[in-house]
Amino acid sequence: MPESHKDTSCDLFVIGAGSGGVRASRVAASLGAKVIVAEGLYLGGTCVNVGCVPKKLYVYGSEFGKAFKDAAGFGWQVGEAAFDWATLRDNKSREIGRLNSIYERLLDGSGATTLDGMARLIDAHTVEVNGIQYQADKILLATGSWPTKPDFPGNEHAITSNEIFDLESFPERLLVIGGGYIATEFAGIFNGLGSQVTQLYRGDLFMRGFDDDIRSFAAEEIRKTGVDLRFNTNIESLTPVNDGYEARLTDGSTLVVDTVLCATGRHPNIKGLGLEHTKVTLDSRGYVKADAQFQTDEPSIFALGDMTGGPQLTPVAIAQAMAFAHTHFGNDSKVMDYEFIPTAVFCQPNIGTVGLTEEAARDLGLELQIFKSDFRPMKHTLSGRDERTLMKLIVDKSTDRVIGLHMVGPDAGEICQGMAVAMKAGATKAHFDSTVGIHPTAAEEFVTMRTPSS
Ligand code: NDP
């Protein structure tokens, strides 16, 4: 049945119901805007369906293996542990289904209209979904990003993070290509669950962009857990063989595995979006160009989140969405602040970071004081696990401000979140020194480092 003009016009049409799109829709609707949001794949986007949420559940699942072994030193006798992939995978899917319905209810409750279908731009104010055209005063693009695979013969046999969550059978032998967030997190997950994992990184040291001390310390700790982490190596080709896939590597060696995961970056998800019917332009890396108020080169079209080339992090997209909705529908201009965005990599052990790396701080010409602490976590004095923690503070000597805080160790994500508040509030090293520690914790080390290492 054709919809009435009233139903097909709105103040804001949001394309994509992921982290950014859902938040922008809900907040704009709560501020009185008539909002329509279209999603062609899954409510909640990458984060909820094939990203942060299922990934963290799998990290929890994979940590049990080590915990069972640790328990022996504390007097527990745990029988032979056995892992069942189908149970973890299906329980995860049930939880994601529950979250999808919550997202649906939240959108409905906010008053926004949700459309199930791929949206395509027709012009600066018109969007088409399932053959129906909608008129909007403003359009927000929030279609996120999509994983990419490098170009090599046989790459059609490799999978991405979109597929790895729902593998039919457990990969006893897994090859991971890449040295960033996703590669390192999944290498840890499957290693913990019992796979034989090889991770390849094309450069000298993985986790580019993180502090160099953190990168090399994490590499050492990850290797101790059993991941075969190889640098200066890449995949050359992939061929199906009798018992899996044979990967030929750039160092001339070969490897037979069950599954190959390419975790080699995510590109803006703009295919079929119809940008060519508008004045929206892309930057030199292919991301949608938008200004500080999220406006693209087409004045009625806005964009935020992964597709715009900033930090590809859910909380960034959410914060941008809040700023967008308040600025454009709440008469309350908000500018997104990108300083001291904390982040964690849920590899095992975790990496957590806030602010500048030592290398970036030195590039700014700042005179620095560096504090480092490298220790064996208390728990492992009895568990016997060979794992160490590294904490590092970077202080601007002229202001005494802590401008970088980094950690490799359990719960780094949890610890760095709190530290980020202090750093955003302008905490100096003197503030850290005058803060009383919580004993015995690992986090107290951040307030007890007194002697600079350089
Ligand atoms: P990243 O950009 O983090 O890492 C991509 C990796 O792939 C890099 O090591 C890169 O190497 C390598 N690479 C790129 N192209 C090739 C190629 N042709 N051949 C071999 N290696 C290649 O991307 P991810 O895919 O891991 O994740 C995407 C983004 O998602 C992250 O940047 C992050 O913002 C977000 N994310 C955040 C998480 C969190 O908050 N915990 C978890 C997962 C993802 P090089 O360094 O040499 O370029």
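In each ligand, atom 1 is the first atom listed, and ligand 1 is the first ligand listed.
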Counting only heavy atoms, which portion of [X] has something under 4.0 Å from ligand 1: side chain, backbone, both, or neither?
{"X": "Phe206", "result": "neither"}
{"X": "Lys55", "result": "side chain"}
{"X": "Asn234", "result": "side chain"}
{"X": "Leu313", "result": "side chain"}

Considering [options] one by one, which has a heavy atom nearer to [atom] than any of the others?
{"atom": "atom 4 (O) of ligand 1", "options": "Gly180, Gly178, Pro342, Gly209", "result": "Gly180"}
{"atom": "atom 17 (C) of ligand 1", "options": "His267, Arg208, Arg202", "result": "Arg202"}
{"atom": "atom 18 (N) of ligand 1", "options": "Pro315, Pro150, Ser161, Gly203", "result": "Pro150"}

Would you say the side chains of [X] and [Y] form a donor-acceptor pair under 3.5 Å?
{"X": "Glu246", "Y": "Thr239", "value": "no"}
{"X": "Tyr338", "Y": "Gln320", "value": "yes"}
{"X": "Asn232", "Y": "Asp251", "value": "no"}
{"X": "Ser62", "Y": "Gln348", "value": "yes"}
{"X": "Glu104", "Y": "Thr114", "value": "no"}
{"X": "Arg266", "Y": "Ser145", "value": "yes"}

Among all the protein's non-hydrogen atoms, which is closest to [atom], and how far away is it?
{"atom": "atom 42 (C) of ligand 1", "value": "Glu185 OE1, 3.2 Å"}
{"atom": "atom 34 (O) of ligand 1", "value": "Gln312 O, 2.9 Å"}
{"atom": "atom 3 (O) of ligand 1", "value": "Tyr181 N, 3.3 Å"}
{"atom": "atom 26 (O) of ligand 1", "value": "Ile182 N, 2.8 Å"}
{"atom": "atom 7 (O) of ligand 1", "value": "Thr264 CA, 3.2 Å"}

| request: Examine ligand 1 and decide if any of its atoms is less than 4.0 Å from a heavy atom belonging to Pro311. | output: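 It does not, in that no heavy atom of Pro311 comes within the 4.0 Å cut-off of ligand 1.
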| query | Does Ala344 come within less than 4.0 angstrom of ligand 1, counting non-hydrogen atoms of the residue? | reply |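 The answer is yes: ligand 1 sits under 4.0 Å from a heavy atom of Ala344.
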| field | Phe302: which of Phe13, Phe324, Phe294 passes ring-ring contact (aromatic ring centres under 6.0 Å, His included) | value |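 Passing option: Phe324.
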| said: What's the separation between atom CD1 in Ile177 and atom CZ in Phe152, rounded to the nearest 0.5 Å? | reply: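 Here the rounded value is 6.0 Å.
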| Quick one: CD1 on Ile182 to CD on Gln312, what's the gap to the nearest 0.5 Å? |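 One gets 8.5 Å once the value is rounded to the nearest 0.5 Å.
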Atoms of ligand 1 close to [X] [distance to a heavy atom under 4.0 angstrom, numbered from 1]:
{"X": "Arg266", "result": "28 (C), 30 (O)"}
{"X": "Gly179", "result": "6 (C), 8 (C), 9 (O)"}
{"X": "Ala263", "result": "5 (C), 6 (C), 7 (O), 25 (O)"}

| Residues in ring-ring contact (aromatic ring centres under 6.0 Å, His included) with Phe231, at least two apart? |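 Scan of Phe231 (ring-ring contact (aromatic ring centres under 6.0 Å, His included), adjacent residues dropped) gives Phe206.
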| query | Is Gly265 close to ligand 1, meaning an N/O of one under 3.5 Å from an N/O of the other? | reply |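 Right, the criterion is met.
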| field | N/O donor-acceptor pair under 3.5 Å between Asp258 side chain and Glu172 backbone | value |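 It does hold such a pair.
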